[in-house]
Amino acid sequence: MRQIKLCLLLIIGTIVSLNAQQPKKLNSSEIYEAVQKLNVLGSVLYIAAHPDDENTRLISYMSNHVKARTAYLSLTRGDGGQNLIGPEIRELLGVIRTQELLAARRIDGGEQRFTRANDFGYSKHPDETLKIWNKDEVLSDVVWAIREFKPDVIINRFDHRRGGQTHGHHTSSALLSMEAFDLANDASKYTSQLDFTETWQPKRLFYNTSWWRYGSREAFDKIDKSNMLKFDIGVYYPTKGLSNNEVASLASSQHLCQGFGRLTSRGTQDEYIEFLKGEPLDGSDNVFAGIDTSWNRVEGGSAIGNILDDLEGNFNFVNPATHLPQLLEAYKLIQNIKDEHWRTIKTKEIKSIIESCAGLYLEVSSNTPNASPNSTVSLRIEALNRSNAQIDLVSYNLSTLKVGTSKTMEMPENQRLNFEEGITIPIDINYTTPYWLNTQSTLGMYHVDNQELIGLPETPRAVFVDFNLIIAGTPITITKPVVYRYSKPDKGELYRPFEIIPEVSASLEDKVYIFENNQQKEIEVLVKAGRDAIEGYVRMAYPNDWSVYPQKQKIEIANKGDIQKVVFTVVPPKGQSEGLITPIVNINDEYYTNELIEIDYAHIPFQTVLMPSVSKVVRLDIKKKGENIGYIEGAGDVVPESLRQIGYNVTIIKPEQIAPENLANFDAIVVGIRAYNILDAMKFKQKFLLDYVKVGGNLIVQYNTSRRLKTDNLAPYTLKLSRDRVTDENALVRILDPNHPVLNFPNKITIKDFDGWVQERGLYFPDEWSEEFTPLLAMNDKGESSKEGSLLVAQYGKGNYIYTGLSFFREFPAGVSGAYKLFVNLLSAGKESQSTQKTNN
Ligand SMILES: [Zn+2]
């Protein structure tokens, strides 16, 4: 096990790259910086809760200025947020954000770690957070991170004393860090971890404070700072041509799915950390006070330090290869130090320096981006020495594949060695997919059995090559993962990680299929071949009271990568019902139930994710009134699509089309989430919408945030938005006006219709409204006052104005039947008196 891990470390170290794809080769300045870092034995662990919480200014400062080994421990992968660059949400968003953190670390020089905690969405208090997370498991993972990384100093992003005043995940990260600081060195705690690592006591713990913690710069100026350290994080790095704060902005701009692309800044800037616990600083301004961060720290280290001091002082930027003899001497000394922790870290660092000094180009590229187990792949191996050092290639071995040359070959300066190898991928190899998604997760936790995987940002690459070299008499093995290198006429040379995929995968078009009546639906299954010549069958698993035909469909796909489409007819039962459907592909004796999801963005490496191919089918038992719905789109939600699924004609109304003649014919008009925050036109168009209501229309406005509204005229009567929200999706709902038509027509709404909601009840509820409004529902999170603004209805002229902060935009994609039923009633408001009621049965 330990062996595998060592290889991992080596591989991760070589994937540092500029554009996320191309393996990085260090230039002279970077080699010099790497030598400086090799000469420092101090480490800092920064702890917070989410991707983007981390202060890249401080991480970059610690990594690039202090030269400490620096890591960011993000408790979660940020699955709970929104995605501004594409359709991926939940687990897939977590995969993107994991990669964005790695992209940020490639720029600021830090490392990245995680826990198994799942970002389940907003939480008001750490008590709630730590109940939904398995507190003991997350604490165990923080202890594990400390024992593995062995930081001298821990810095919390958040204040553990501020529970309830920020996101509960934030305060929890600080609370868990405080606890773990005391537990990591206790051998009686989390003992199973000690099969893989040792206990560790960090020296001290800080909180990365700031003026905003105190409300204003003036207030912060006045406080006693004797317990704080201050850094100028605006230092300039001539070797980079960048200021530290510029590096930090470039790093945090990698969080593109959160819209963090930003301008850089430079110049002096103060950053503060407040001492919380551990060994007092006693007036020192050095975070490492009392710790020797030179090579003298380890037994047998001083000779290494002497070599590196000399190398730093006399560095040859024109030809760093002249330093190879000194570096090889240091390499041999490092192999002899007893301290396994530093030996592993520093061996990885110095190997990369030696490789770069020798201008070594070692690469293994496959002829295909992916392959399935038991298939054959051809590999192109390139080895090139671009220095005058005496280097021999003794052999190369392909990781698990037991192929390789054993004839020693000289590597004369700038003479390329090329080899071709045909390999068969082992039948029992693991697929390339995020390891934390291999097992069903819960709302609060990912499930990972293998202790050594816990905390790793990525699944270790399964296929790699060891190059066994002798460099000027010293044997050194350099490991490279297999890559896929290709070019595009409009992009140039590109790289992708080489991936192991199943021989077949299947996906359904939608995640939720809504059946508004008992009419059957045709559902398409897309079967994708992971190898040539696929033959087999696909069947559908479905709930008992539903039926699907035909029983099975034949699959015949000639070429890898091709897709065959098959159609199944799904028949719902008579009454309300819901369940899951899954396509099952049968090839020979194997059964496949996963879909293969590809994530392709320029700022992160290409990602392949295997997820269970499951969709929800929902048979609603609802009555509807009205057919034609106009929809004004807000900040992007799937409500129009969901309404179409239940049989409405939905017309998207563009802001410039909001005019009386275009509105008159709609049975209802729905305004999308945050439309009044983002559409400038609403300022001038609102009067047309209110006029539409006045003459008998039905306007339904979904949530907007209280700040930056484009109009003061959100409603025909006084309506003040607040930040009130109910984050507990199971919070009890009380019906305030059970006889109100909106709760009775065309469907009777009861509290049962609030069962099975997801993520939250709603947000930004109004907290003040004039008497024309009738509040219909009350709800609240635990320990809070009752909130009555989630659904407000007012008669205006002959029509109805409805404002709702209920999270229909989250409930519809999850197929929550009660949410559909209630929304249909909102759309039907005011139609009670009209002729016969249309039903769907
Ligand atoms: Zn956060």
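Any value given below was found using the heavy atoms of this structure, including those in side chains, with hydrogens, waters and symmetry copies removed. Order of listing sets the numbers, starting from 1, for every ligand and every atom in it. By convention here, the first residue in the shown sequence is residue 1. Here the structure is a predicted model, which means the values were calculated and not measured.
Take Arg157 and apply the side chain to side chain donor-acceptor pair (under 3.5 Å) test, not counting sequence neighbours, and it matches Tyr46, Asn208. Remark: Thr98 engages Arg77 in a side chain to side chain donor-acceptor pair (under 3.5 Å) (not counting sequence neighbours).
Among the atoms of His170, an N, O or S atom falls under 2.8 Å from the Zn ion (ligand 1). Distances from the Zn ion (ligand 1) show that His167 has no N/O/S atom below 2.8 Å. Asp52 lies apart from the Zn ion (ligand 1) in this respect, since none of its N, O or S atoms is found at a distance under 2.8 Å.
In terms of distance to the Zn ion (ligand 1), the nearest N, O or S atom of Asp53 is named OD1. Taking the N/O/S atoms of His50 in turn, the shortest distance to the Zn ion (ligand 1) belongs to ND1.
Between His160 and Tyr207, the distance from one ring center to the other does not fall under 6.0 angstrom. Residues His169 and Phe158 keep their aromatic ring centres 6.0 Å or farther apart.
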> Should Tyr446 and Phe114 be marked as a ring-ring contact (aromatic ring centres under 6.0 Å, His included) after you check the CA-CA gap, both sets of side-chain angles, and the distance that decides it?
Replying inline: CA-CA 11 Å; Tyr446 282 116; Phe114 294 92; over 10 Å; no
